[in-house]
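Here the structure comes first, spelled out in structure tokens, and everything after it is commentary.
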There are 2 protein chains.
Amino acid sequence: MKLEHPHQLILDNVSRFVDLTELEKQKYLSLLTAIKVKKKAFLMQAGEIAKYEYFITKGCLKVYTLDEDGAPHISMFAVEDYWTGDMASFITKEPSRYFIKATEDSELLGISRLNYDLLFQEIPKFERFYRILYQKSLINYIRRSNHGISLTAEERYIEFKKKYPKIVNRITQKDLAGYIGITPEFMSKIITKVNRM
Amino acid sequence: MKLEHPHQLILDNVSRFVDLTELEKQKYLSLLTAIKVKKKAFLMQAGEIAKYEYFITKGCLKVYTLDEDGAPHISMFAVEDYWTGDMASFITKEPSRYFIKATEDSELLGISRLNYDLLFQEIPKFERFYRILYQKSLINYIRRSNHGISLTAEERYIEFKKKYPKIVNRITQKDLAGYIGITPEFMSKIITKVNRM
DNA sequence: TAAAAGTCTTAAACTAGTTCATTTTTTTTC
DNA sequence: GAAAAAAAATGAACTAGTTTAAGACTTTTA
């Protein structure tokens with residue numbers, strides 16, 4: 001079977017953890033919805049209930065909340081081959097506190113809550129896929145939340161550059177500040193300083 | 001079948017997400033190891049490879065790293081009915097950077113890496129159990145890592161007290177400071193101030 | 001139950017990061 | 001491709017949290 005790029009990409013992603021038969025692959029793809037968003041468009045806004053979990057096949061998006069003062073706090077950047085969404089809202093069906101906004105024209109595959117539940121009934125192998133996917137994400141988050149608290153902003157910036165060299169060049173300094181957890185002004189100072197070294 | 005308290009506690013924990021038959025329960029319990037640690041004793045030290053994941057049936061433990069300056073950063077407190085360990089090291093078999101130390105005489109049930117892998121072969125239902133367990137932990141960590149970055153230390157303390165009222169009274173102020181991410185001196189100031197309000 | 005070890009409090013001097021205000025540079029839009 | 005909008009740089013005054021040091025209080029241990 002000849003597949004277009006987005007479908008091939010998501011099947012490769014899934015096959016890192018589980019092996020699917022041809023039939024299962026077809027069944028799986030039939031449960032996904034293709035979605036396009038233009039740069040600056042919202043995939044989701046705070047107050048809504050997260051309808052989908054997304055796999056990015058092209059582009060770049062940012063996931064963020066606004067605090068009481070209206071300052072954005074970015075929790076992740078998602079690019080090709082990443083999963084994103086607001087899992088808390090997706091699972092609990094409570095309103096989200098997050099915005100998801102495309103920072104480039106982007107293409108995604110979404111799985112709805114209904115199809116997500118169906119997926120486990122129809123192809124139990126996906127329990128294993130998600131078990132391993134969540135395990136890996138958890139390991140990442142634990143690392144990050146401990147790092148976040150023990151490093152200075154400058155160290156966090158250097159780590160980010162090392163860990164995500166491709167993402168740094170695709171986002172604005174302002175958004176990076178929102179991710180690192182500092183003001184854009186201080187971000188600017190750090191970058192000037194680090195480049196001087 | 002009459003079970004002692006620790007076994008009943010862990011089966012109740014598992015049955016929140018999956019239903020096990022009597023046979024599966026017995027099989028599961030046979031894969032666990034009962035462990036006791038005295039107050040101040042280490043369950044694990046940095047440099048070791050995490051041999052077990054632990055379920056606490058009695059007591060309280062802290063999980064922490066030391067930064068370059070030797071200052072402790074506590075990533076979690078684990079009490080009755082909690083799971084703990086260093087998942088990154090347990091899964092990757094790389095040396096851990098964490099210490100796990102009992103802050104009270106404690107009793108745990110451990111599952112070894114060998115038995116963890118065996119568990120999924122013998123009782124595939126556990127893929128589902130861990131899928132849901134990791135999903136919930138992930139939701140918690142995401143919340144915490146965003147909170148951590150956007151709140152002041154005083155706000156983080158107030159949140160902690162609200163979320164874990166029973167744990168606050170079981171740990172020292174110094175350890176709480178290590179969790180909140182501030183010095184014990186500043187923790188002392190915050191507590192004095194908050195109590196005055 | 002006395003001594004030792006660890007925890008908590010207080011305070012003064014310090015630093016990483018913020019706030020606010022202005023100018024320059026880059027990107028977007030029509 | 002000019003005008004408007006957004007992002008980045010710079011600097012001065014400010015604040016949340018650190019550091020160091022010393023004394024009071026509690027818990028552990030022999």
### Task
Return the set of residues passing salt bridge (charged side-chain N to carboxylate O under 4.0 Å, His left out) with B:Glu122 (not counting sequence neighbours), or none when no residue passes.
B:Lys27

#### Entry: side-chain N/O A:Ser188 vs D:dT10 OP1/OP2, d < 4.0 Å
no

### Task
Salt-bridge test for B:Asp105 and B:Lys39: reply yes if a basic N is under 4.0 Å from a carboxylate O, no otherwise.
no

### Pair A:Arg16 + A:Asp12, salt bridge at N-O below 4.0 Å
no

### Message
Let's see if you can work this out: which of D:dA9, D:dA7, C:dT10 has an atom nearest to the side-chain heavy atoms of A:Thr172?
### Response
D:dA7

### Query
Does a salt bridge link A:Arg156 with A:Glu159, judged by any charged N lying under 4.0 Å from a carboxylate O?
no

### Query
Is the centre of the A:Tyr179 ring less than 6.0 Å from the centre of the A:Phe77 ring?
yes

### Query
Between B:Tyr130 and B:Phe17, is the gap from one ring center to the other below 6.0 Å?
no

### Query
Taking NZ from B:Lys193 and P from C:dT9, how many angstroms apart are they, rounded to a whole number?
16 Å

#### Entry: Separation of atom CG in A:Leu176 from atom C1' in D:dA6, rounded to whole Å
17 Å

### Task
Compute both the distance and the angle, then confirm whether A:Lys101 meets the cation-pi test with A:Phe99: under 6.0 Å from the six-membered ring centre, within 45 degrees of the axis.
no

### Message
I need the CG-C1' distance between A:Asn195 and D:dA8, as an integer number of Å.
### Response
13 Å

### Query
D:dT18 C1' sits how many Å from B:His73 NE2, rounded?
12 Å

Just the table, please: protein N/O against nucleotides 23-30 of chain C N/O, every pair under 3.5 Å.
{"residue": "C:dT28", "atom": "OP1", "partner": "A:Lys39", "partner atom": "NZ", "Å": "2.6"}

### Task
Quickly work out the B:Tyr157 OH to D:dG17 P distance and round it to whole Å.
15 Å

Between the protein and nucleotides 11-19 of chain C, list the N/O to N/O atom pairs that are separated by less than 3.5 angstrom.
{"residue": "C:dG17", "atom": "OP1", "partner": "A:Ala153", "partner atom": "N", "Å": "3.0"}
{"residue": "C:dT18", "atom": "OP2", "partner": "A:Thr183", "partner atom": "N", "Å": "3.2"}
{"residue": "C:dT18", "atom": "OP2", "partner": "A:Thr183", "partner atom": "OG1", "Å": "3.3"}

### Query
Between atom CD1 in B:Ile171 and atom P in D:dT27, what is the gap in whole Å?
16 Å

### Message
Around atom CG of A:Asp19, are there more than 12 heavy atoms from other residues, nucleotides or ligands closer than 6.0 Å?
### Response
no

### Query
Below 4.0 angstrom, N of the basic side chain to O of the carboxylate: do A:Glu80 and A:Lys58 qualify?
no

